[in-house]
Amino acid sequence: MAQKPSIPKGTRDFSPVEMRRRQYILDTIRGVFERYGYLPIETPAMEKLETLTGKYGEEGDRLIFKVLNSGDAWDKVAPEVKQALAAGEEVHPGKLGAELCEKALRYDLTVPFARFVVQHQHALTFPFKRYQMQPVWRADRPQKGRYREFLQCDADVIGSTSLLNEVELVQLFDDVFTALGLAVVVKLNDRKLLTGIAEVSGQPEKVVDIVTALDKLDKVGREAVEQEMRDKGVSEAAVTGIAPLFELHGNWDAQRTRLTEWLGGSEVAQQGLADMDFIFQQAGQLKSAQLEFDPTLARGLDYYTGAIFEVKAAEGTLQSSICGGGRYDDLTGIFGLQGMSGVGISFGADRIYDVLLETGKFPEDVATGTRLLFVNFGDREAAHALPLLRQVREAGIAAELYPDAAKLKKQFAYADAKGIPYVATMGSEEIAQGIVSVKDLRSGEQRAVRTDELISLVQ
RNA sequence: GUGGAUGUAGCUCAGUUGGUUAGAGCGCCGGAUUGUGGUUCCGGAGGUCGCCGGUUCAAGCCCGGUCUUCCACCCCA
């Protein structure tokens with residue numbers, strides 16, 4: 001007796017209904033991407049391990065799924081590493097991983113994109129706008145809204161430093177979530193402001209500690225944030241220096257005025273403020289999304305250098321972000337192409353799915369497949385139904401003929417279970433009269449029409 | 001990676017201080033109705049109690065390990 005089959009932790013199968021809903025999300029996002037002039041690319045599920053390591057911070061490296069070398073992976077391990085292990089010495093796991101694995105599953109779509117740009121630069125026209133919707137993998141511990149395999153939908157523009165790109169991406173967020181009917185808050189910040197804050201506080205070298213502590217503000221409160229900063233070795237003077245940040249409130253205009261006063265001494269901060277201001281002014285009136293400046297927004301401090309974005313659902317219980325993004329000034333530099341600034345965003349399709357499902361935002365008919373089912377009475381009757389079935393399909397209507405001459409009860413139950421709204425019955429009586437009986441399963445009404453009237457009836 | 005819960009029929013869950021053949025609702029299959037689903041009535045199938053080991057005369061229940069899902073931390077889509 002075989003064991004119950006199962007799939008790896010944090011991965012999922014998708015049923016037809018689930019796939020329909022996922023496709024609805026993807027179609028919506030893709031439609032907006034294309035309307036903004038982004039073009040699709042795809043990259044392999046696997047990248048070389050060295051392409052990925054060191055791009056996502058220490059934490060990120062740990063979460064990369066590595067692919068064991070095929071054949072005898074042990075054979076290829078460097079002799080000195082083997083010797084060290086044999087001698088009982090400790091070998092750094094990352095080092096050992098690199099010895100045993102030369103490939104890894106992609107962790108996001110941005111780094112593979114940077115690699116793609118460097119590798120294909122001769123064939124690209126800059127500024128290059130691409131979108132990409134593919135799964136990524138992270139060896140994280142699964143939780144609600146957190147999967148080990150999930151779908152990201154990215155749009156990036158590379159080769160332009162213009163803030164108009166940031167403005168466009170804000171509007172793109174707005175368009176997608178307006179189309180999906182989901183209320184969201186788009187949070188905006190700039191890494192230059194965070195750098196400026198650390199400068200003004202007198203401890204520029206503590207940016208990372210200050211910022212990661214600040215990032216938790218809405219979760220743990222001001223006191224805990226200040227305590228964490230002290231624990232990380234941020235001076236009391238610096239903690240006090242940051243205090244004005246906690247008193248920021250009001251709309252962007254009010255916040256900007258106070259920030260300008262406070263951060264007047266920092267040139268980077270001034271630049272960040274000017275950038276933020278440009279984005280706020282140019283984004284204009286959004287359709288449904290709420291644009292918000294959030295000085296505590298940090299995001300992975302890996303490759304972002306300018307604006308940073310994050311989107312959270314304003315309804316539903318999922319607290320984590322459903323989109324992220326930002327500007328990176330030199331991501332391609334690591335791969336040998338300098339001076340290529342880019343900015344991009346990423347939609348977390350799986351989290352958007354969870355929120356839409358919880359809040360009941362999926363259109364009702366999104367799961368409907370077949371619109372018309374022909375009942376099968378046997379070979380002779382089926383042969384009469386077949387040409388009609390073709391006509392219906394030619395007319396663009398999803399239709400099927402039940403494959404077996406099963407009991408009518410079973411065939412109707414099949415239609416009911418699949419949510420098929422119309423059932424066409426063509427038995428000997430109908431065939432003799434040149435008609436077809438069509439039942440609307442939602443109303444229970446049944447009427448006989450001429451075969452040439454069938455299409456207009458179910459359309 | 002750290003800490004904590006969880007797992008019983010296809011699904012949602014009961015199951016007494018450890019004590020005979022482990023239950024319900026929904027779903028599924030068949031019939032009432034050999035040309036009609038969704039409502040009603042009748043009948044039926046389906047479980048090595050996540051997996052492995054231990055304690056015991058006896059384990060769904062106690063103990064250890066392991067896997068899954070979930071929660072908090074960390075981090076993030």
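Just so we're on the same page: letters track the sequence lines, and every chain starts at 1.
If you check every strand for non-hydrogen atoms under 4.0 Å, A/Ala415 touches nothing. Within 4.0 Å of A/Gly145, counting heavy atoms only, lies at least one base atom of the nucleic acid. Counting non-hydrogen atoms under 4.0 angstrom, A/Gly444 reaches a base of the nucleic acid. A/Gly378 comes within contact range of no nucleotide atom at all, as no heavy-atom separation falls under 4.0 Å. Among the heavy atoms of the strands lying under 4.0 Å from A/Glu430 is at least one base atom, whether or not backbone atoms are also near. Among the protein residues, A/Asp140 comes within range of the nucleic acid bases, having at least one heavy atom under 4.0 Å from a base atom. Note on A/Ile322: only backbone sugar-phosphate atoms sit closer than 4.0 angstrom, heavy atoms only; bases stay farther off. Note on A/Phe347: nothing from the nucleic acid sits closer than 4.0 angstrom, heavy atoms only. When heavy atoms are screened at a 4.0 angstrom cut-off, A/Lys418 is found touching no nucleic acid atom at all. At the heavy-atom level, A/Ser321 lies under 4.0 Å from the strands shown only through sugar-phosphate atoms. Backbone-only contact: A/Gly324 has heavy atoms under 4.0 Å from sugar-phosphate atoms and none from a base.
Applying the side-chain hydrogen bond (donor to acceptor under 3.5 Å, both in side chains) criterion to A/Glu381, with sequence neighbours excluded, gives no partner residue.
Using C1' as the reference atom, B/rU8 and B/rG3 are 27 Å apart when rounded to the nearest Å. With both ends at atom P, the span from B/rA14 to B/rC73 equals 27 Å, rounded to whole Å. With both ends at atom P, the span from B/rC13 to B/rG30 equals 29 Å, rounded to whole Å. Nucleotides B/rA9 and B/rA24 have their P atoms positioned 14 Å apart, rounded to a whole Å. Annotation: B/rA59 and B/rG18 have their C1' atoms spaced 6 Å apart (nearest Å). Annotation: B/rC61 and B/rU16 have their C1' atoms spaced 10 Å apart (nearest Å). Separating the C1' atom of B/rG15 from that of B/rG25 is a span of 15 Å, rounded to the nearest Å. With C1' as the reference atom, B/rC28 and B/rA45 are 9 Å apart, rounded to whole Å.
The nearest heavy atom of RNA chain B to A/Ser443 and to A/Arg138 marks one nucleotide each, and the one closer to the 5' end goes with A/Ser443. Both A/Tyr107 and A/Glu445 sit near RNA chain B, but only A/Glu445 has its closest nucleotide nearer the 5' end.
Contact annotation: A/Lys216 side-chain N/O to B/rC74 OP1/OP2 distance is under 4.0 Å. Taking side-chain N and O atoms only, A/Lys407 has a distance below 4.0 Å to OP1 or OP2 of B/rG31.
Atom P of nucleotide B/rC75 and atom CG of A/Asp215 are separated by 8 Å, given to the nearest angstrom. When the P atom of B/rG35 is taken as reference, atom CD of A/Gln433 falls 17 Å away, rounded to whole Å. The separation between A/Asp13 atom CG and B/rU69 atom P is 12 Å, rounded to whole Å. At whole-Å resolution of the value, CD1 in A/Ile352 and P in B/rC76 are 18 Å apart. With rounding to whole Å, A/Ile420 atom CD1 is found 18 Å from B/rU36 atom P. The OH-P distance, from A/Tyr303 to B/rC76, rounds to 10 Å in whole Å. Whole-Å rounding puts the A/Lys409 NZ to B/rG38 C1' distance at 10 Å. Atom-to-atom, CZ of A/Phe65 to P of B/rC76 comes out at 17 Å; the value is rounded to the nearest Å.
For the residue pair A/Thr11/A/Glu149, the side-chain donor-acceptor check at 3.5 Å is not satisfied. Using a 3.5 Å distance cut-off with no hydrogens or angles, the side chains of A/Asp175 and A/Tyr36 do pair a donor with an acceptor. For the 3.5 Å distance criterion, the side chains of A/Glu453 and A/Ser456 fail to qualify, holding no donor opposite an acceptor. A/Ser341 and A/Arg327 are linked by a side-chain donor-acceptor pair at a separation below 3.5 angstrom, with hydrogens and angles left out of the test.
Taking only distance into account, the side chain of A/Glu381 never meets the base of B/rG35 through a donor-acceptor pair shorter than 3.5 Å. Applying the 3.5 Å distance criterion, the base of B/rC75 shares a donor-acceptor pair with the side chain of A/Arg146. Evaluation of atom-type donor-acceptor distances gives no pair under 3.5 Å for the side chain of A/Gln411 against the base of B/rU36. Within 3.5 Å, a donor on the side chain of A/Arg141 pairs with an acceptor on the base of B/rG3, or the reverse. Remark: the A/Lys410 side chain and the B/rG37 base include no donor-acceptor N/O pair separated by less than 3.5 Å. Checked by distance alone, A/Asp416 brings a side-chain donor or acceptor within 3.5 Å of a matching partner on the base of B/rG37.
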(message) As a check on the pairing definition, encode RNA chain B in dot-bracket form, counting Watson-Crick and G-U wobble pairs whose two distances are under 3.5 Å, and using | for partners outside this strand.
(response) (((((.(..((((.....[...)))).(((((.......))))).....(((((..]....)))))).)))))....
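Classified by interplanar angle (parallel below 30°, tilted 30° to 60°, perpendicular above 60°), the ring pair A/Tyr414/A/Tyr402 is perpendicular.
Checked against B/rU69, B/rC76, B/rG37, the side chain of A/Lys9 finds its nearest nucleotide in B/rU69. The side chain of A/Arg351 lies closest to B/rC76, out of B/rC76, B/rG35, B/rC75. Distances from the side chain of A/Ser428 to the nucleotides B/rG35, B/rG37, B/rC75 place B/rG35 closest. Between B/rG35, B/rC73, B/rA32, one nucleotide has an atom nearer to the side chain of A/Glu429 than all others, and that is B/rG35. Listed candidates were B/rG35, B/rC73, B/rC75. Nearest to the side chain of A/Gln143 is B/rC73.
Counting only distance, with no hydrogens or angles, the side chain of A/Arg106 and the backbone of A/Thr43 share a donor-acceptor pair below 3.5 Å.
A cation-pi arrangement is absent between A/Arg115 and A/Phe335, since the terminal nitrogen or guanidinium carbon is not both under 6.0 Å from the aromatic centre and inside a 45° cone about the axis.
Between A/Asp209 and A/Val234, the shortest heavy-atom contact is CB-CG2, 4.5 Å.
Residues A/Arg130 and A/Glu42 are not paired through a salt bridge, judged by the lack of any N-O separation under 4.0 Å between the basic side chain and the carboxylate.
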(request) Show your reasoning for whether side-chain hydrogen bond (donor to acceptor under 3.5 Å, both in side chains) applies to A/Gln132 and A/Tyr38. (result) CA-CA 9 Å; A/Gln132 189 171 354; A/Tyr38 293 81; over 6 Å; no
